[in-house]
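Heads up: the structure comes next, in structure tokens.
The structure displayed is predicted, hence computed values, not measured ones. Numbers restart at 1 for each chain; the letters A, B, ... are given by sequence-line order, proteins then strands. As a basis for the values below, the full set of heavy atoms in this structure was taken, side chains included, without hydrogen atoms, waters or symmetry mates.
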Amino acid sequence: MDIIIVSIIIAAAALYIGNIFFQKFKAARSGKSGCGCSTCPEGKNCNAAYPSSNNSLNQ
Amino acid sequence: MNATIALAGNPNSGKTTLFNELTGARQHVGNYPGVTVEKKEGTYKQDDISLKIVDLPGTYSLTAYSLEEVVARDFLVQEKPETVIDIVDASNLERNLYLMLQFMELGIPVCMALNMIDVSEKRGIEIDTKKLSELLGIPVVPTIARTGKGKQELMKAAADLVGSNTKPLPLEISYGDDIDNALAEMEVMITDAMFLTQTYPARWTALKYLENDEQIRSIGDAKNPGLSAKLKKITDRVSSHISNTLNTYPEAVIADHRYGYIRSIIRQDVITYQQDQDRLRISDKIDRIVTNRFAGPLLMIAIIFGLYQFTFTYSETPVGWLESFFGWVGGIAETNLPDGLVKSLIISGIIDGVGGVLGFVPLIMFMFLGISLLEDSGYLARVAFMLDRVFRIFGLHGSSVMAFIVSGGIAGGCAVPGVMATRTLKSPKERLATLLTVPFMNCGAKLPVFVLLIAAFFAENKAMMMFIITLIAWGGALLAAKFLRMTVIKGASTPFIMELPPYHLPTFKGLAIHTWERTWQYIKKAGTVILGISIILWAMMTFPGLPETQTQIFEQQRQTLLSAAPSAVVAEIEAPDGKKDDETEISEPAQQLNDKLLAVDRVEAETALKHSIAGRFGTALEGLTQFAGFDWRTNIALVGGFAAKEVVVSTLGTAYSLGEVDPEEIGSLSDVLANDPGWNPLVAFSLIIFTIFYAPCFVAVVCIAREAGSWKWGAFSMVFNTVIAFILSITVYQIGSIIL
């Protein structure tokens, strides 16, 4: 019984973390919205605080 | 009444503070451009009035020199808010009126919040608001956004404007014969062709062509290339004429005439000076000391050290309370839950894992309080100013300082906004060097790691140790930047101009809000992301478990010990349910037997841990990391730290919890590490060094890749940082081992 309960909890945690990091990856990758990291107060995102400039880094 | 009101104004005019007062939302009051969120919205409700308030980025004008200006302008002409409230700094009226004039030239209904009148009055500047209102033809309401004074009168004025049926005509300023004639010619052409007239007044469009406004020209080219070309031809003709006759260019002439218009208003007794204007303002007087070449840096060091002293001193007791609380919760679980996987998950995975991170909440809170005080008072801008000359030596820029501070230069920031703050840097080389080195700063996620190790091994000198860690982080970042600027990112430096806002006395409410916002985010992250990762890591440290053959070996060892002992002694240590009793109630021989049995349990638990997925991975890395003093548990923790640095603490908490089998022995994680023979101050310091410098967390790497324009730089930051961290840790550990 223990193994079943623990397996469910682990699977739920894995799905939750996977989803969170996927969302953070998409957000950081797109540069259009914040990653929701711990220093961004709720409802605000650090990306919008620093709008993209024309100063692109062409590598 | 339902309508949209836009808040606009220069940076540092108090726009964000007013927005907070009107809507109850929470914002930072900062001094660098773009600190407010574009299109931030809220609602103001009073009686039967409900107004949507939109906070536009702080701008000095509505030209197209920066994206903030374009964003603000686009919102005004496309969204067409019913009214704009222009927040004007009363102590800098002349400069702030420049933006006001541009709203009026656009024909937008506008009223003025003449803000910070208390500051201007203290400086001996009195403004005749009635006269100003008459001359401008718009409502002018004195306000003090910080305290909410004038808020209701302002919103009534704005609501009256919304309810008014008459739309103001666009203001027409004379720009001299050359430009006025060209404007008249262009205006006719634009009106006849209905060229962009749905969005902009015709004269305004013509003016933008003369100002070489890139955005308007691009829109014009797309809309009507033929007419756009004719307008450009007129512009070129006027530019050439002005250059030949006045030795200047149209934009400068236009700006001069706008300021002339402003001066003509102010000269009509709008402003009265009570004091001699040569007298230095208080902020300037303070800055003479604070930014002094010699006293300034010393004062800065003292302030930062004082911050750490304050933090560690006053948070010690509440941190102790939390540690006791989690210990108590763990004890309850230990006593009441049946042995098994669920119990292990709850105690080792959740309580000891996440509890290790949550236990530092009081310390984090005190740290954020101190940083909020420095930020809100305006002192951090002075730090950037002073460090500019230091940064130039290392190939960076004054604007890089704010990126470093945001990343955790003092403590508790985040590399993600730090990387994004590099967008304010104009030079691509300086920007790249900065965004690759900001992850070296002591972000909020690294803080629990440092605090844990400081509490365990450097308890007598906590503040000093934290200060040393800060210096190491800055020193390492600057040296790395210098190296990069001399090798892979060579290039010249660019000039730095930074506005120093006046000092503000922070309000208690503002400090409390800012402190709680950041603390709550820390708690939320611990309860969500860290919790999830702790559960996963617990699983990786528990499964696959020892094979049956090995379990039997340990069982046989226990049976051998029990068989060899007298039955009376065995009966003493075994309770009716098979558990061992509290050792204080048993005899000496029973105590010795108990200790031997616990030793077998401990070895079994450690073997099981090493046999797990995470354990095997950590052990495999030991061949390399042993030179830095790290064992397999630390290796697992550091790998987990790539997801989020706080995971280093929660993983160590889980690893030591899984390995500890005597409930009486489980104390705080700091105590456990301090008493573990595998740990000592040198190992701890080596781990601190590694944590400062090694690969940024996953999200930061993605941001670096995005901002740098290539995944190559994201990968570079991971490898470069980790290699530096390894070299430094190994050096520290090996040299330390020889000396000590």
**Request:** Quickly, which of D2(A), I4(A), I3(A) forms a side chain to side chain contact (heavy atoms under 4.5 Å, CB included) with V342(B)? Name it, please.
**Result:** D2(A)
**Prompt:** Does L531(B) have any side chain to side chain contact (heavy atoms under 4.5 Å, CB included) partners at least two apart in sequence or in another chain, and if so, which?
**Reply:** I350(B), V354(B), I535(B)
**Message:** Between A700(B) and chain A, with a heavy-atom cut-off of 4.5 Å, which part of the residue counts as in contact: side chain, backbone, both or neither?
**Reply:** neither
**Message:** The criterion is side chain to side chain contact (heavy atoms under 4.5 Å, CB included); which residues satisfy it with Y16(A), sequence neighbours excluded?
**Reply:** I20(A), T528(B)
**Request:** Please tell me if the side chains of F543(B) and V6(A) come closer than 4.5 Å, counting only heavy atoms from C-beta onward.
**Result:** yes
**Message:** Report which part of I5(A) has an atom under 4.5 Å of a heavy atom belonging to chain B: side chain, backbone, both, or neither.
**Reply:** side chain
**Fill in**
The reported gap from CD1 in I10(A) to CG in L341(B) (rounded to nearest 0.5 angstrom) is 8.0 Å
**Asked** Closest heavy-atom contact between G532(B) and A13(A)?
**Response** O-CB, 3.8 Å
**Item:** chain A contact via L345(B) - which portion, at a heavy-atom distance below 4.5 Å
**Value:** side chain
**Message:** Does I9(A) form a side chain to side chain contact (heavy atoms under 4.5 Å, CB included) with W538(B)? I'd like the steps, not just the answer.
**Reply:** CA-CA 11 Å; I9(A) 294 172; W538(B) 170 87; over 6 Å; no
